[in-house]
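Throughout, numbering of the chain's residues begins at 1 and tracks the sequence.
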Amino acid sequence: MTVYQEFELTTEAGRTPPLFSSIESVASLDIPPEELDRRRIVGFESRDNRSRPYNLLRTQLMKQMKRNNWRMIGVTSATPDAGKTFTAVNLAAALAPTASAPVVLCDFDLRRGSIQKMLGFAPTYGLGSYLKKEIDDPRKFAFRINDSQLVVFPTTASRHGSSELLAGDEFVDFVARLRALPEEITIICDLPPVFANDDAMICMQHLDAYLLVVDHGKTTGKQLEESINLLSPAPCAGTVLNRYQGGFADPYGYGYGDAYGLKEYN
């Protein structure tokens, strides 16, 4: 595993500083392997058969990102409880062991704080705190999982004013500081569901492309088409079939697909 070397946090006058200076400068959150397993965070362990769909998804996505010069990928779904956060966390975890630079996972689902719930911890601050100007430095809520290359920026749940916060100057600044990180760093963003409100649409104005998580047997073709239309002109990098039985699915029933099979869903 190659660890990205330290780079300068301060930049030339007028340029946006990156969010962190080195992987070693980010506080570590220790999560025992058995706790990761209990929470079905399997992406870190390539020998675990359950990680296979995320390894396949990782490879396919990285090919697209390289071909299209994408850096920031959103993960969303048409409706809640489709498995978007599960997919975002395990995809980022699968990327981290093979990456030549840190992988960043951001929680843009301000209303739910989905990533912190999946990881099972309650941060004092999060992205929402920064956007509401309760703190002035996003490094205060950054952490990496164990000694991995995965850097997480969580958010604390807040059901009020999320759209206004995401449309504000602080969010624009946060995204600019993400883009100021070295080009080798991959950034995965867990977005709100498309139909929950307009938050996902606001976020996608700043990202390069997105993955759309499909809850197999529940998400309809019409919901998929409407989601893609609402997120347009942002490109859909593909669809991820959650609870899919068959094909490349693992014993838990998680699989992946592409963005061209909409006719398969009724």
Side-chain angles (χ1 to χ4, degrees), residues 1 28-65 73-100 102-107 109 112-121 143-152 154 186-191 193 210-219 224 236-259 261 264-265:
M1 178 174 65
S28 178
L29 175 69
D30 294 326
I31 304 178
E34 58 270 19
E35 182 66 12
L36 290 174
D37 183 74
R38 189 179 73 82
R39 294 182 175 278
R40 292 187 293 174
I41 301 172
V42 298
F44 288 113
E45 184 50 73
S46 62
R47 290 173 295 183
D48 190 324
N49 190 52
R50 295 170 296 173
S51 71
R52 183 167 53 124
Y54 302 102
N55 295 335
L56 294 169
L57 177 61
R58 171 189 67 196
T59 303
Q60 292 296 318
L61 180 62
M62 292 306 293
K63 287 180 181 178
Q64 288 199 60
M65 293 180 71
I73 301 296
V75 181
T76 187
S77 58
T79 57
D81 302 319
K84 65 176 184 62
T85 301
F86 186 95
T87 299
V89 172
N90 275 296
L91 172 60
L95 284 164
T98 61
S100 60
V103 174
V104 174
L105 174 64
C106 297
D107 194 342
D109 194 349
R112 296 168 182 82
S114 303
I115 289 176
Q116 55 126 332
K117 291 178 182 177
M118 182 169 176
L119 295 178
F121 82 111
F143 66 89
R144 59 177 173 143
I145 298 178
N146 300 331
D147 61 349
S148 74
Q149 294 208 95
L150 179 56
V151 177
V152 181
T186 301
I187 302 161
I188 304 296
C189 304
D190 183 27
L191 306 183
Y210 64 92
L211 291 170
L212 190 59
V213 177
V214 176
D215 192 351
H216 187 254
K218 293 185 178 180
T219 305
L224 284 175
C236 179
T239 58
V240 179
L241 300 178
N242 189 18
R243 289 182 278 267
Y244 174 60
Q245 299 292 338
F248 289 106
D250 64 22
Y252 279 82
Y254 299 96
Y256 74 95
D258 57 42
E264 298 176 6
Y265 302 94

If I compare all heavy atoms of A92 with all of V103, which pair ends up nearest, and what's the gap? O-CG1, 4.1 Å
Can you see which heavy atom on L211 is nearest to which on A237, and at what distance? CD2-CB, 4.0 Å
Please name the pair of heavy atoms, one in M118 and one in R40, separated by the smallest distance, quoted to 0.1 Å. CE-O, 4.4 Å
Which atom of L119 lies closest to which atom of F143, heavy atoms considered: CD1-CZ, 3.7 Å
Among residues at least two apart in sequence or on other chains, which ones pass salt bridge (charged side-chain N to carboxylate O under 4.0 Å, His left out) with D81? none
Using a 4.5 Å cut-off on heavy atoms from C-beta on, say whether the side chain of I73 contacts that of L91. no
Which value, rounded to the nearest 0.5 Å, describes the distance between I188 atom CD1 and C106 atom SG? 9.5 Å
Can you find a heavy atom in the side chain of D109 that is under 4.5 Å from one in the side chain of P193? yes
CZ-CG distance between R144 and D30, expressed to the nearest 0.5 angstrom: 9.5 Å
Intermediate values then yes/no, side chain to side chain contact (heavy atoms under 4.5 Å, CB included), D215 and T79: CA-CA 9 Å; D215 192 351; T79 57; 5.9 Å; no
Quick one: does T186's side chain get under 4.5 Å of M62's, heavy atoms only? yes
Please check: side-chain N/O of S51 versus main-chain N/O of R47, any donor-acceptor pairing under 3.5 Å? no
Interatomic distance, OG1@T87 vs OH@Y54, rounded to 0.5 Å, equals 5.0 Å
Show the nearest heavy-atom pair for residues G83 and V213, with the distance to one decimal. C-CG1, 4.0 Å
Between R38 and E34, is there a salt bridge with N-O shorter than 4.0 Å? no
Under the criterion side chain to side chain contact (heavy atoms under 4.5 Å, CB included), I'd like the reasoning laid out for D48 against D37: C-alpha separation, chi angles, the key distance, then a yes or no. CA-CA 10 Å; D48 190 324; D37 183 74; 4.2 Å; yes
Determine whether S114 and D107 make a side-chain contact, defined as any pair of heavy atoms from C-beta on separated by less than 4.5 Å. yes
To the closest 0.5 Å, what do you measure between OG1 (T85) and CG (L105)? 9.0 Å
With a 4.5 Å cut-off on side-chain heavy atoms, are T219 and L212 touching? no
Just to verify, what does F44 make a ring pair (Phe, Tyr, Trp, His ring centres under 6.0 Å) with, not counting sequence neighbours? none
Hey, are the side chains of Y210 and C236 touching, using non-hydrogen atoms and a 4.5 Å cut-off? yes
Determine, stepwise, if the pair K84 / L191 fulfils side chain to side chain contact (heavy atoms under 4.5 Å, CB included). CA-CA 8 Å; K84 65 176 184 62; L191 306 183; 5.8 Å; no
If you measure from CD1 on I115 to SG on C189, what distance do you get to the nearest 0.5 Å? 8.5 Å
From I145 atom CD1 to L150 atom CG, the distance as rounded to the nearest 0.5 Å: 4.5 Å
Between the side chain of R58 and the main-chain N/O of A94, is any donor-acceptor distance below 3.5 Å? yes
Are N90 and I41 close enough that some pair of their side-chain heavy atoms sits under 4.5 Å apart? yes
Which heavy atom of P80 sits nearest a heavy atom of R112, and at what distance? CG-NH2, 4.2 Å
Side chain to side chain contact (heavy atoms under 4.5 Å, CB included) for N242 and K218? Distances and angles first, verdict last. CA-CA 10 Å; N242 189 18; K218 293 185 178 180; over 6 Å; no
